[in-house]
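Data block below; observations after.
Numbers restart at 1 for each chain; the letters A, B, ... are given by sequence-line order, proteins then strands. Computed from a predicted structure; not experimentally measured. Note that these values count all heavy atoms, side chains included, but never hydrogens, waters or copies made by symmetry.
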2 protein chains.
Amino acid sequence: MNTKDRIMETADKLFYFQGYQTTGINQIIDEANVAKGSLYNHFPSKKDLGHAYVKQSSDQWFKGLEKELELWSDPAEKLLAIFSFLEKYAKINQFNGCRLINILTEVTDQDDQITEMVVAHKQRFRELLYQITTKIDIGVMQAREVSDTIYLLYEAATVDSKIFKDDWPIQLARKNAEQFLNQNKMPNNQ
Amino acid sequence: MNTKDRIMETADKLFYFQGYQTTGINQIIDEANVAKGSLYNHFPSKKDLGHAYVKQSSDQWFKGLEKELELWSDPAEKLLAIFSFLEKYAKINQFNGCRLINILTEVTDQDDQITEMVVAHKQRFRELLYQITTKIDIGVMQAREVSDTIYLLYEAATVDSKIFKDDWPIQLARKNAEQFLNQNKMPNNQ
DNA sequence: GTCTATATTGTGATAGAC
DNA sequence: GTCTATCACAATATAGAC
């Protein structure tokens, strides 16, 4: 693996599990077996490395989600699949919540670019859910409310499965999403 | 105002709006107009100040919530009042999400006491919601699921109104909580 | 491109006068 | 209890050899 990839891999692991602010450049170059000069050759500052981390985190997350969604054709099943995606992810990997939410909390308005990227990430997710929801035979006027409700349930599942180190929030969020979708289906669709 | 109070007030403001990790002792003593020796007289380390901040944050939050809940007698209305509480809080003050969740994200397993206090805070909130829910005439078996669903909606409302700097997540969460409660009421109660 | 060595600033924390 | 002065160390970042 080349130098830049080793840096990114190490930074990803440390920023996510240890935190962005508490991870220093020195620790990254130690664990990645890279010289300090090499890191600053690829990333002019820690801020730039942070931005690369945020972009990669968002890209990888959507990649993983869309792979999961491809397994289903029915739009309602696609919506519920986001919880299976989260459940699998939380089980396979050590889980520490959403990379994007975490770093947003860590920089709190000290880095406008990160704030922008995180909001854009969440907006893209909401839009993805909305597009799927419009394919379900529900009232058009309700589509946004339905998709945003699913979105909120997903967000809570992520945050609270991290807090409690348990998947009950994911299971309960999924169950509510399922009931909610069944209630909002048009009668003639059943 | 005495020295200790000035320290706590300044620390609270900075830890919440600027972040725990990025706020240094030097900035706190500057803005609180306190000497470094005085701070370390009251708090042996930054960690201790952090713990005091977490405890105060939790106490103040419950105090504010319970004051809001007292305005209502009907248990279902009490449950919905948590969203009014959040809405008011997000409007009056500059809002940066939940103090407890934020600092948990910032310390990620580097401070076991903070992790414990935050989990205990959330457990206490869940228990409060559960106790209110049992007073509603719903199936006993469902009480935990109902109260935890309300809990999840509240958590998402907090996190996402911070992300989007908008109260739509609060309004939508409240609307869903209301519909959800109506559906789970026993028919003979209506 | 990658390395070693160094510069500079800021951090949490302490000593000791008053 | 509060203050000033100072410590030891870690942070990000840079210079320059190879």
Side-chain angles (χ1 to χ4, degrees), chain A residues 1-56 102-115, chain B residues 1-56 102-115:
Chain A
M1 190 156 43
N2 68 34
T3 306
K4 191 170 186 179
D5 288 344
R6 282 210 311 284
I7 295 170
M8 278 303 288
E9 191 182 68
T10 307
D12 177 77
K13 187 189 67 183
L14 290 171
F15 286 167
Y16 182 53
F17 291 113
Q18 180 178 290
Y20 174 72
Q21 301 288 3
T22 54
T23 297
I25 295 293
N26 295 314
Q27 188 181 5
I28 295 173
I29 61 169
D30 277 358
E31 298 194 18
N33 281 310
V34 168
K36 191 168 283 193
S38 297
L39 186 145
Y40 278 96
N41 177 54
H42 290 286
F43 304 96
S45 71
K46 185 186 175 183
K47 206 174 201 175
D48 289 287
L49 181 56
H51 294 173
Y53 162 74
V54 172
K55 181 171 176 8
Q56 177 180 265
N102 290 359
I103 197 168
L104 180 71
T105 299
E106 288 200 77
V107 300
T108 31
D109 286 331
Q110 290 163 56
D111 189 320
D112 290 342
Q113 288 197 57
I114 288 183
T115 303
Chain B
M1 189 157 42
N2 67 33
T3 307
K4 192 170 185 178
D5 288 344
R6 281 210 313 283
I7 295 171
M8 277 304 288
E9 191 181 69
T10 308
D12 177 76
K13 186 190 71 185
L14 290 171
F15 286 168
Y16 182 53
F17 291 114
Q18 179 176 291
Y20 173 73
Q21 300 289 2
T22 53
T23 297
I25 294 293
N26 296 313
Q27 189 182 4
I28 294 172
I29 61 169
D30 277 358
E31 298 194 16
N33 281 311
V34 167
K36 191 168 281 193
S38 298
L39 186 145
Y40 278 97
N41 178 53
H42 291 286
F43 304 96
S45 70
K46 185 185 176 184
K47 206 172 200 174
D48 289 287
L49 181 56
H51 294 174
Y53 163 73
V54 172
K55 183 175 177 358
Q56 178 180 263
N102 289 0
I103 197 167
L104 180 70
T105 299
E106 288 200 78
V107 300
T108 32
D109 286 333
Q110 289 162 56
D111 189 319
D112 290 342
Q113 286 198 59
I114 288 183
T115 304

In the structure I gave you, are the side-chain heavy atoms of A:Q113 and A:V54 within less than 4.5 Å of one another anywhere? no
For DNA chain C, which residues of residues 2-15 of chain A approach it to below 4.0 angstrom with any heavy atom? A:T3
Are B:S38 and B:N41 close enough that a side-chain donor and a side-chain acceptor fall under 3.5 Å? no
Rounded distance (Å) that lies between atom C1' of D:dA11 and atom CG of A:L49: 15 Å
Are a donor atom and an acceptor atom from the side chains of A:E31 and A:T10 found within less than 3.5 Å of each other? no
Return the value, rounded to whole Å, for the distance between atom CD of A:Q27 and atom P of D:dA11. 8 Å
Could you write nucleotides 12-18 of chain D as a row of B, S and -, 5' to 3', where a protein heavy atom under 4.0 Å of any base atom gives B, of only sugar-phosphate atoms gives S, and otherwise -? BBB----
Can you tell me how far C1' of C:dT11 sits from CD1 of B:I29, to the nearest Å? 12 Å
B:D109: what forms a side-chain contact (heavy atoms from CB on, under 4.5 Å) with it, not counting sequence neighbours? A:K165, B:T115
Under 4.0 Å between a side-chain N/O of A:S38 and OP1 or OP2 of C:dC3, yes or no? yes
side-chain contact (heavy atoms from CB on, under 4.5 Å) partners of B:N2, counting only residues at least two apart: B:K4, B:D5
Those residues that, when tested against B:Y20, pass ring pair (Phe, Tyr, Trp, His ring centres under 6.0 Å) (two or more places apart): B:F15
If I take atom CG in residue B:N41 and atom C1' in nucleotide D:dT4, what distance separates them, rounded to the nearest angstrom? 15 Å
Test item: A:K47 side-chain N/O and A:D111 main-chain N/O as donor-acceptor pair under 3.5 Å: no
Going by the rule side-chain contact (heavy atoms from CB on, under 4.5 Å), which residues pair with A:T108 if we only count those two or more places apart in sequence or in a different chain? A:Q110, B:N96
What is the distance, to the nearest angstrom, from the CD1 atom on B:I28 to the P atom on C:dG12? 8 Å
When the distance from CE of B:M1 to P of D:dT2 is rounded to whole Å, what number comes out? 13 Å
